[in-house]
Amino acid sequence: MRAAGQAAPVHERLLEMELDPALLQGDTREQWEAISDLDSFFSRVYAYFEERGLRCILAGRVIQLLTLAFTLGLAVCLADALNW
């Protein structure tokens with residue numbers, strides 16, 4: 001039994017690790033791919049920075065949808081209620 005401050009022996013740590021089969025087979029493929037459209041990527045990054053984060057972006061879009069729904073609902077109610 002180990003004390004609380006002692007580290008596990010190396011063979012125990014190796015047994016606990018999950019081995020990646022690609023590493024065992026010598027697979028040397030790159031896991032990172034280049035971004036194909038840098039203009040679009042940097043535009044999205046700038047929009048994220050300009051709108052101060054994901055929460056603000058999502059809140060703005062929800063408010064836009066609610067505004068659209070209100071406008072459409074008001075137009076339908078007025079068109080139905082008014083006798084043209």
Side-chain angles (χ1 to χ4, degrees):
M1 180 163 245
R2 288 189 309 263
Q6 286 183 326
V10 174
H11 66 276
E12 286 183 17
R13 282 186 277 154
L14 288 176
L15 290 176
E16 292 172 0
M17 290 174 50
E18 291 182 5
L19 295 177
D20 186 9
L23 292 175
L24 292 177
Q25 297 169 358
D27 188 11
T28 58
R29 289 183 290 156
E30 291 288 330
Q31 293 185 4
W32 300 97
E33 293 183 17
I35 297 172
S36 61
D37 187 7
L38 281 176
D39 290 335
S40 172
F41 173 75
F42 284 123
S43 296
R44 289 191 316 242
V45 169
Y46 182 73
Y48 179 84
F49 174 75
E50 185 181 32
E51 296 182 31
R52 294 184 173 88
L54 184 63
R55 185 179 300 167
C56 294
I57 292 171
L58 292 177
R61 291 190 180 168
V62 166
I63 290 171
Q64 286 177 351
L65 285 174
L66 291 174
T67 303
L68 178 64
F70 174 76
T71 305
L72 291 175
L74 182 65
V76 168
C77 287
L78 288 177
D80 188 42
L82 293 177
N83 194 4
W84 297 95

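The first residue of the sequence shown is numbered 1, and numbering continues consecutively from there. Computed from a prediction, not measured in an experiment: that's the story for all the values here.
- For Asp39, the side-chain contact (heavy atoms from CB on, under 4.5 Å) partners are Asp37, not counting sequence neighbours.
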Could you list the donor-acceptor pairs under 3.5 angstrom formed between side-chain atoms of residues 48-71 and any protein atom two or more places apart in sequence or on another chain?
from	atom 1	to	atom 2	distance (Å)
Thr67	OG1	Ile63	O	2.8
Thr71	OG1	Thr67	O	2.8

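- In the hydrophobic clustering (ILVMFWY side chains linked at under 4.5 Å, chained through shared members), Val45 is joined by Ile35, Leu38, Phe41, Phe42.
- For the side-chain contact (heavy atoms from CB on, under 4.5 Å) criterion with Leu74, the lone passing option out of Leu78, Leu72, Val76 is Leu78.
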